[in-house]
Amino acid sequence: MKLATWNVNSLNVRLPHVLDWCTANQPDVLCLQETKQEDSKFPYEALTAIGYNAIHSGQKTYNGVAILSRHVLEHPSYGIPDFADEQKRLIAATVKGIRIVCAYIPNGQSVDSDKYQYKLNWLASLTTHLQAELAAHPKLALLGDYNIAPEDRDVHDPAAWLGQVLVSEPERTAFQGLVGLGLHDTFRLFEQPEASFSWWDYRMAGFRRNLGLRIDHILVSTPLLAACKASWIDKAPRKLERPSDHTPVVLELSE
DNA sequence: ATGGCGACCGGAGGTCGA
């Protein structure tokens, strides 16, 4: 069973890439972030045509999350309970007994902005919510754009990024709070190339020079650990014409 | 590295992302 996450930076623009990638890679589940479209615009028909069910929670211009699945999506839920939020950033469903949680964690903009406080509040609410979710669903995977590089090795230039948003200690502490729930960063369960990143700035030839960050993650609960077989970042879509600035992260589970 | 790109809305250029 193959799980994946991809911030597509507008599904309006990136739908051809998503269809091609799903056809070529056949993920069982693909979590999308930044669809940037209202539910009425979501391309259910095009996805059905290649064998995918989908649920979506979106809005115009910003945010928007979706779960695509080759299997039945049971018990969909939207948003964080008890956290009033106009921004569409969380969607979840159960696939083959695994609770799939797809998150677009706020960016935060800069550490001195209101958006940074919103990010930390959002993460605190998510953590509380996931504690209950884990009690109800021992097999759980949290996939998405975390907008946090958990360690210095996830940053192309840690000195330049020191203390900045995406890297700051409060954000990394929040990430460790998720780990503290009994979630595991599956990418690091396996040997990986040095300087492995999932996002590269469009500017300054960031991708060509590998000036990136690893901010897209797949965390799984302890009951799923033994099933983890491999994890990798697929850089191929980042090389296409008009790419997203993020690229897919994949986790392979044994059945 | 701090600007550079790209998406969006709106119909120019500001805002946001990361």
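All chains are named by letter (A, B, ...) in the order of the sequence lines, taking the proteins before the strands, and each is independently numbered beginning at 1.
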Students often get this wrong, so: under 4.0 angstrom with heavy atoms, is [X] touching a base, only sugar-phosphate, or nothing?
X: A/Lys115; value: sugar-phosphate
X: A/Tyr146; value: nothing
X: A/Leu211; value: nothing

Determine the interatomic distance between [atom1] on [N] and the same-named atom on [M]; round to the nearest Å.
N: B/dA7; M: B/dA18; atom1: P; result: 14 Å
N: B/dG3; M: B/dC8; atom1: P; result: 24 Å
N: B/dG11; M: B/dG6; atom1: P; result: 24 Å
N: B/dG4; M: B/dC16; atom1: P; result: 15 Å
N: B/dG13; M: B/dA1; atom1: P; result: 31 Å
N: B/dC5; M: B/dG10; atom1: P; result: 24 Å
N: B/dA12; M: B/dG17; atom1: P; result: 25 Å

Q. Of A/Ile215 and A/His156, whose closest DNA chain B nucleotide lies nearer the 5' terminus?
A.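 Nearest nucleotide further toward 5': that of A/His156.
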Q. For DNA chain B, whose closest nucleotide is more 5', that of A/Gly108 or that of A/Arg209?
A. A/Arg209
(Q) With salt bridge (charged side-chain N to carboxylate O under 4.0 Å, His left out) as the rule and sequence neighbours excluded, what pairs involving residues 138-148 of chain A come up? (A) none
Given [N], is OP1 or OP2 found less than 4.0 Å from the side-chain N or O atoms of [X]?
X: A/Tyr116; N: B/dA18; value: no
X: A/Gln109; N: B/dG17; value: yes
X: A/Asn7; N: B/dA18; value: yes

Which donor-acceptor pairs under 3.5 Å do side chains of residues 71-83 of chain A form with protein atoms, sequence neighbours excluded?
{"unit_1": "A/His71", "atom_1": "NE2", "unit_2": "A/Asp28", "atom_2": "OD1", "d": "2.7"}
{"unit_1": "A/Ser77", "atom_1": "OG", "unit_2": "A/Arg99", "atom_2": "NH2", "d": "3.2"}

Q) NZ of A/Lys88: more than 12 outside heavy atoms within 6.0 angstrom? A) no
Q. Any side-chain heavy atom of A/Phe207 within less than 4.5 Å of one from A/Lys235?
A. yes
How many whole angstroms separate atom [atom1] of [X] from atom [atom2] of [N]?
X: A/Glu34; N: B/dC16; atom1: CD; atom2: P; answer: 14 Å
X: A/Arg89; N: B/dC16; atom1: CZ; atom2: C1'; answer: 11 Å
X: A/Lys119; N: B/dC16; atom1: NZ; atom2: C1'; answer: 14 Å
X: A/Gln87; N: B/dG17; atom1: CD; atom2: C1'; answer: 12 Å
X: A/Glu171; N: B/dA18; atom1: CD; atom2: P; answer: 12 Å
X: A/Arg208; N: B/dA1; atom1: CZ; atom2: C1'; answer: 14 Å
X: A/Ile148; N: B/dG17; atom1: CD1; atom2: P; answer: 15 Å

Q) Members other than A/Leu162 in its cluster, when Ile, Leu, Val, Met, Phe, Trp, Tyr link by side-chain heavy atoms under 4.5 Å? A) none
Q.
Can you build the contact string for nucleotides 2-13 of chain B? Use B for base contact, S for sugar-phosphate-only contact, and - for no protein heavy atom under 4.0 Å.
A. --BBSSSS----
**Q.** Set of ring-ring contact (aromatic ring centres under 6.0 Å, His included) partners for A/Phe175, sequence neighbours left out
**A.** A/Tyr146, A/His217
**Q.** Separation of A/Leu15 CG from A/Ser10 OG (nearest 0.5 Å)
**A.** 9.5 Å
(Q) Should the side chain of A/Asn107 and the base of B/dA18 be counted as holding a donor-acceptor pair, with the cut-off at 3.5 Å? (A) yes
Q: For A/Asp245, check side-chain contact (heavy atoms from CB on, under 4.5 Å) against everything at least two apart and list the hits.
A: A/Asn9, A/Trp199, A/Tyr202, A/Arg238
